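Everything numeric here is computed off the predicted structure, so don't read it as measured data. Values below: every heavy atom of this structure, side chains too, minus hydrogens, waters and symmetry copies.
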Amino acid sequence: MRKKICWLICAFLGWLWAVQSCTTTPVAKAFRFKEKLSDYGFFEGNLRSLRPKAGVLPYYLATPLFTDYTLKDRFIVLPADSAMRYKGAGLLEFPDSTFIIKNFAYLNSRHEKVMIETRLLFRDPADHQWKVMNYLWDSTQQDARQWILGKKIPITLLDDSGAAHTTVYQMPNTNDCKRCHINNSVLTPIGPKARNLNHDAGKGNQLQQWAKLQKLAGLPGISAVAKLPDWQDSVNYSVKERARAYLDVNCAHCHTHGGDAYNTGLFLEYEQQNENHLGFMKSPVSAGGGAGGLDYDIVPGDALHSILAYRMNSTVPGTAMPELARTVIHKEGVALVSRWINEMKR
């Protein structure tokens with residue numbers, strides 16, 4: 001009798017395990033980045049040419065982030081039979097298993113494009129979170145390998161006017177990447193916001209083209225989509241509009257609610273209207289010696305005595321802003337923001 005009871009219990013437990021095995025949704029394995037950029041198969045032909053394969057979407061920003069006058073190529077790779085979704089002026093909504101690719105190169109003194117690094121963001125279906133990985137191009141310029149720790153790379157590059165700059169390019173480690181990409185403790189993309197994609201990228205409006213290809217869902221009439229000014233377009237936009245767009249892209253990912261510089265109280269989003277948040281006659285909270293002995297973030301009519309312009313015009317660690325992503329001064333950006341401040345009414 002005892003053996004029969006034991007047998008029945010074992011049979012019941014076996015049946016229960018079988019039922020649970022059939023009804024429990026399997027847990028997705030966390031994504032693991034590949035060792036080499038070439039392993040993904042994003043591009044065809046010579047890898048350094050970055051010729052996208054079918055389904056790899058190049059994208060272009062009206063106002064891009066400045067990084068030491070580097071040349072940047074940007075791509076989005078969506079999983080098969082999926083689409084991004086328009087969710088307003090901010091970031092597009094991306095499906096799980098999306099890659100966002102950003103390549104950095106520079107123009108050397110012989111006017112040759114030299115590859116430096118490629119950064120990948122991936123939206124992991126295991127937890128629906130974005131993950132980041134950096135790839136360092138090798139000396140042969142044939143491939144890029146996974147590189148987590150960051151690297152200092154001596155280079156001589158040409159700026160937009162053809163002037164040469166010798167510097168040590170700072171390839172970030174993956175934690176540095178997270179500093180800029182974190183908002184409210186969640187890793188998130190920065191660049192592909194609808195307002196910064198809403199422009200003619202050579203083949204008509206970029207967002208409309210994606211909608212026609214069924215790669216972007218929910219796009220309203222294009223006139224209803226917010227548009228970030230091109231910081232270099234002095235014909236169609238005012239100095240104020242261009243300067244605010246520049247600050248939005250280069251500073252607001254940290255200087256915003258939930259960003260890395262939230263505690264400063266200096267918020268530089270394009271839509272920001274509060275003059276105190278924008279720094280008008282606002283005393284710094286945490287600048288310390290980086291303020292250069294100046295008293296206010298922005299002194300209307302006086303860029304020379306404005307901490308914002310002072311820090312943009314520096315490469316000294318602890319003073320330079322942005323803290324990451326540049327080792328040389330963006331003279332055109334400094335000139336634009338300084339002009340905006342100087343033209344303000346006192």
Side-chain angles (χ1 to χ4, degrees), residues 37 43 45-52 58-75 101-119 134-145 147 150-172 176-177 180 190-191 196 199-202 229-235 237 239 242-243 245-247 249-251 309-317 319-339:
L37 183 61
F43 306 104
N46 188 337
L47 185 62
R48 70 185 308 276
S49 299
L50 299 181
R51 290 193 298 272
Y59 71 95
Y60 308 90
L61 302 178
T63 291
L65 178 75
F66 173 77
T67 310
D68 286 353
Y69 293 103
T70 52
L71 310 172
K72 298 176 186 176
D73 295 278
R74 303 171 177 87
F75 307 89
I101 308 165
K102 188 175 182 181
N103 188 77
F104 295 74
Y106 68 94
L107 202 63
N108 68 15
S109 56
R110 295 186 296 276
H111 293 266
E112 299 166 331
K113 183 178 180 180
V114 181
M115 312 298 259
I116 310 173
E117 60 165 319
T118 303
R119 302 176 192 172
N134 297 352
Y135 289 80
L136 175 67
W137 282 82
D138 60 34
S139 58
T140 69
Q141 296 279 284
Q142 297 302 306
D143 210 338
R145 293 185 176 274
W147 199 271
K151 191 175 180 68
K152 296 181 178 180
I153 307 169
I155 62 174
T156 297
L157 60 88
L158 299 181
D159 66 18
D160 295 343
S161 63
H165 299 262
T166 297
T167 187
V168 179
Y169 178 89
Q170 306 284 338
M171 179 183 177
D176 287 336
C177 292
C180 289
I190 295 173
N196 208 5
H199 68 105
D200 189 329
D230 177 344
W231 76 280
Q232 294 181 300
D233 185 356
S234 60
V235 174
Y237 299 105
V239 169
R242 292 188 292 127
Y246 182 90
L247 293 173
V249 171
N250 285 277
C251 309
Y310 171 77
R311 300 191 76 171
M312 287 178 61
N313 200 36
S314 174
T315 58
V316 177
T319 297
M321 282 289 173
E323 290 181 300
L324 304 173
R326 74 171 182 89
T327 61
V328 301
I329 294 168
H330 190 198
K331 55 188 178 184
E332 297 86 355
V334 172
L336 174 62
V337 171
S338 295
R339 182 180 173 188

A.B. asks: Could you state the interatomic distance from OG1 (Thr319) to CG (Asn313), rounded to the nearest 0.5 Å?
C.D. replies: 11.5 Å
A.B. asks: If only side-chain N and O atoms count, and only distance matters, is there a donor-acceptor pair under 3.5 Å linking Thr140 with Asp138?
C.D. replies: yes
A.B. asks: Distance from Ile153 atom CD1 to Thr167 atom OG1, nearest 0.5 Å?
C.D. replies: 11.0 Å
A.B. asks: Do Met171 and Tyr169 make a side-chain contact, defined as non-hydrogen atoms from C-beta onward lying under 4.5 Å apart?
C.D. replies: yes
A.B. asks: Keeping the roles fixed (side chain from Asn134, backbone from Glu117), state whether a donor-acceptor pair exists under 3.5 Å.
C.D. replies: no
A.B. asks: Quick check for you: to the nearest 0.5 Å, what is the distance between Met115 atom CE and Tyr106 atom OH?
C.D. replies: 12.0 Å
A.B. asks: Just checking, Arg119 and Phe104: is the charged tip under 6.0 Å from the six-membered ring centre and within 45° of the axis?
C.D. replies: yes
A.B. asks: Taking the side chain from Asn250 and the backbone from Phe66, do they hold a donor-acceptor pair closer than 3.5 Å?
C.D. replies: yes
A.B. asks: Short question: side chain of His199, backbone of Thr63 - any donor-acceptor pair under 3.5 Å?
C.D. replies: no
A.B. asks: Could you give the distance from CG (Leu50) to CG (Asn103), rounded to the nearest 0.5 Å?
C.D. replies: 5.0 Å
A.B. asks: For Val328, is there any backbone N or O sitting under 3.5 Å from a side-chain donor or acceptor partner on Asp68?
C.D. replies: yes
A.B. asks: Heavy atoms only: give me the nearest Leu107-Leu71 pair and the separation to one decimal.
C.D. replies: N-CD1, 4.2 Å
A.B. asks: Not counting sequence neighbours, which residues clear side chain to side chain donor-acceptor pair (under 3.5 Å) with Thr166? List them please.
C.D. replies: Thr156
A.B. asks: Assess whether atom CZ of Arg74 is packed by more than 12 heavy atoms of other residues, nucleotides or ligands within 6.0 Å.
C.D. replies: yes
A.B. asks: State whether the side chain of Gln141 and the backbone N or O of Val114 hold a donor-acceptor pair below 3.5 Å, judged by distance alone.
C.D. replies: no
A.B. asks: When rounded to the nearest 0.5 angstrom, what distance separates CG in Asp159 from OG1 in Thr70?
C.D. replies: 12.0 Å
A.B. asks: Flag the pair Thr315 / Thr327 as yes when at least one side-chain heavy-atom distance between them is below 4.5 Å, and no otherwise.
C.D. replies: no
A.B. asks: Determine whether a donor-acceptor pair (N or O, by modelled atom type, separation under 3.5 Å) exists between the side chain of Ser49 and the backbone of Arg51.
C.D. replies: no
A.B. asks: Return the minimal non-hydrogen interatomic distance between Pro229 and Ala245, and the atom names on each side.
C.D. replies: O-CB, 3.5 Å
A.B. asks: Identify, with sequence neighbours excluded, every residue that meets ring pair (Phe, Tyr, Trp, His ring centres under 6.0 Å) alongside Tyr246.
C.D. replies: Trp231, His330
A.B. asks: Considering non-hydrogen atoms only, spot the tightest contact between Asp143 and Leu37 and give its length.
C.D. replies: OD1-N, 3.6 Å
A.B. asks: I need the minimum non-hydrogen distance between Ser314 and Val316, along with the two atoms involved.
C.D. replies: OG-N, 3.0 Å
A.B. asks: Centres of the Phe43 and Phe75 rings: under 6.0 Å?
C.D. replies: yes
A.B. asks: Do Val334 and Ile329 touch side chain to side chain, with heavy atoms closer than 4.5 Å?
C.D. replies: yes
A.B. asks: Please give me the minimum heavy-atom distance between Tyr237 and Asp230, naming the atom from each residue.
C.D. replies: CE1-N, 3.7 Å
A.B. asks: Which distance, rounded to the nearest 0.5 Å, do you find between the OG1 of Thr118 and the CD1 of Ile101?
C.D. replies: 8.5 Å
A.B. asks: Between Arg326 (side chain) and Met321 (backbone), is there a donor-acceptor pair under 3.5 Å?
C.D. replies: yes
A.B. asks: Of all residues at least two apart in sequence or in a different chain, which pass the salt bridge (charged side-chain N to carboxylate O under 4.0 Å, His left out) check with Lys151?
C.D. replies: none
A.B. asks: Tell me if a side-chain donor or acceptor on Asp160 pairs with a main-chain N or O of Tyr69 at a distance below 3.5 Å.
C.D. replies: no
A.B. asks: Arg48 side chain to Lys113 main-chain N or O, any donor-acceptor pair under 3.5 Å?
C.D. replies: yes
A.B. asks: Step by step, work out the side-chain contact (heavy atoms from CB on, under 4.5 Å) result for Lys102 and Leu65.
C.D. replies: CA-CA 12 Å; Lys102 188 175 182 181; Leu65 178 75; 4.1 Å; yes
